[in-house]
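Heavy atoms only: backbone and side chains are in, while hydrogens, waters and symmetry mates are out.
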Amino acid sequence: NVVTGWTGFYNNTVKGSFQVTTADGMYVGGLVGILVADGNFTGNTNEAKFFAKGVGSVTIGGLAGQNISSTVIKGNTNKGNIQVESPKGLSFVGGLIGVSTVKGSPNTYVGNVNYGKIEFTGKDASLGGLFGLIQGDSTMVLDSCINQADVIYHGTGSQEIVYVGGIAGLWEAMAGTRLQNFGNIV
């Protein structure tokens, strides 16, 4: 699902489980697959568990699969475990956001927490406790976000691209302050 023309999501809770299978190009999130329009994500909690199986690339996050908007994402929590299997293609998996690729406009991530285990089985991946991939310039605020869960990579076949981190698998942001990881990287 793609969200446009909105002002925000406030104090929502998502429960249950998601099981999705696709050929290629999957975007999955507890609240939204791809966040396109500017707005606010405040005080939301994802408790749903994810299992995604793709033949190609998978982009998945506890809150949103991908964020390409100028958004304030503040005080949100992911408690759902995320498990992904993908034998080919580059997948991005994050406890909060799979991919955040916002440059040139303000983007704010403050006080968000991930408690959900991240586990990937496959070839190429970028896995992070908070973000699979985060990009941003000097307009981005990234402050006081915490990962409390393990990030686990099970490689199969010949790996070419593998990034695994407690905060982000691949970091292309200007700065972050008071970011913490308490999970194991395996």
Scan Val99, Val36, Ile60, Ile97 and name whichever one has a side chain to side chain contact (heavy atoms under 4.5 Å, CB included) with Gln66. Val99
For Ile34 and Ile68, run side chain to side chain contact (heavy atoms under 4.5 Å, CB included): C-alpha distance rounded to whole Å, both residues' side-chain angles, the deciding distance at 0.1 Å, then the answer. CA-CA 8 Å; Ile34 301 175; Ile68 57 175; 4.3 Å; yes
Polar side chain donor-acceptor pair, Asn40 to Thr42, under 3.5 angstrom: no
Any side-chain heavy-atom pair of Lys88 and Val55 under 4.5 Å: yes
Do the non-hydrogen side-chain atoms of Thr71 and Thr108 ever get within less than 4.5 Å of each other? no
Do Lys79 and Asn46 pass the side chain to side chain contact (heavy atoms under 4.5 Å, CB included) test, and can you show the C-alpha distance, the side-chain angles, and the key distance before you say yes or no? CA-CA 6 Å; Lys79 296 179 179 178; Asn46 176 55; over 6 Å; no
Quick check: do Lys117 and Ile82 have side-chain heavy atoms less than 4.5 Å from each other? no
At what distance, to the nearest 0.5 angstrom, does CD of Gln83 lie from NZ of Lys49? 11.5 Å
Nearest 0.5 Å, what's the CG-OG distance between Asn107 and Ser100? 5.0 Å
Determine whether Thr77 and Asn112 make a side-chain contact, defined as any pair of heavy atoms from C-beta on separated by less than 4.5 Å. no
Tell me whether Phe92 is reachable from Ile118 by hopping between hydrophobic residues (I, L, V, M, F, W, Y) whose side-chain heavy atoms are closer than 4.5 Å. no
Leu142, Ile73: one ILVMFWY side-chain cluster at the under-4.5 Å cut-off? yes
State, to 0.1 Å, how close Gly111 and Cys145 come at their nearest heavy-atom pair, and which atoms those are. N-SG, 3.9 Å
Non-hydrogen atoms of Ala52 and Met26 that approach each other most closely: CB-SD, 3.8 Å
Please check: side-chain N/O of Asn78 versus main-chain N/O of Asn114, any donor-acceptor pairing under 3.5 Å? no
Under 4.5 Å between any side-chain heavy atoms of Leu127 and Tyr163, yes or no? no
If every non-hydrogen atom of Phe50 is compared with every non-hydrogen atom of Gly61, which pair is closest and at what distance? CZ-O, 4.1 Å
Distance-minimising heavy-atom pair for Gln159 and Gly122: NE2-O, 4.4 Å
With hydrophobic residues grouped by side-chain heavy-atom distances under 4.5 Å, do Val110 and Leu130 end up in a single group? no
Please tell me if the side chains of Met140 and Ile134 come closer than 4.5 Å, counting only heavy atoms from C-beta onward. yes
Under the rule for side-chain contact (heavy atoms from CB on, under 4.5 Å), what residues qualify as partners of Gln19, not counting sequence neighbours? Phe51
Establish whether Tyr115 and Leu179 are linked, either directly or via other cluster members, by ILVMFWY side-chain heavy-atom contacts under 4.5 Å. no
Report yes or no: does Ser70 contribute a side-chain atom to a donor-acceptor pair with the main-chain N or O of Pro106 at less than 3.5 Å? yes
Is any side-chain heavy atom of Phe182 less than 4.5 Å from a side-chain heavy atom of Ile146? yes
If you look at every heavy atom in Phe120 and Ser91, which pair is closest and at what distance? CE1-CB, 3.7 Å
State whether the side chain of Asn76 and the backbone N or O of Phe41 hold a donor-acceptor pair below 3.5 Å, judged by distance alone. yes
Audit row: Val93, Val58, side chain to side chain contact (heavy atoms under 4.5 Å, CB included) steps and yes/no: CA-CA 8 Å; Val93 185; Val58 175; 5.6 Å; no
Enter the distance from Thr45:OG1 to Lys15:NZ here, rounded to the nearest 0.5 Å. 9.5 Å
Ignoring hydrogens and geometry, is there a side-chain-to-backbone donor-acceptor pair from Asn12 to Asn44 under 3.5 Å? no
When clusters are formed by joining ILVMFWY residues with side-chain heavy atoms under 4.5 Å apart, either directly or through shared neighbours, do Ile167 and Ile185 land in the same one? yes
Determine yes or no for a side-chain-to-main-chain donor-acceptor pair under 3.5 angstrom, with Ser126 supplying the side chain and Leu170 the backbone. yes
Less than 4.5 Å apart, side chain to side chain, heavy atoms only: is that true for Val28 and Thr59? no
Contact list for residues 169-184, test side-chain hydrogen bond (donor to acceptor under 3.5 Å, both in side chains), sequence neighbours left out: Gln135-Glu172, Asp143-Thr177, Asp143-Arg178, Ser144-Arg178, Asn147-Asn181, Asp150-Asn184
Would you say the rings of Tyr109 and Phe131 are close, in the sense that their centroids are separated by under 6.0 Å? yes
Counting distance only, does the side-chain N/O of Ser86 pair as donor-acceptor with the main-chain N or O of Gly56 below 3.5 Å? yes
Are more than 12 heavy atoms from other residues, nucleotides or ligands located less than 6.0 Å from atom OH of Tyr153? yes
Write down the atom of Val113, the atom of Gln148, and the distance for their closest heavy-atom approach. CG1-CG, 4.2 Å
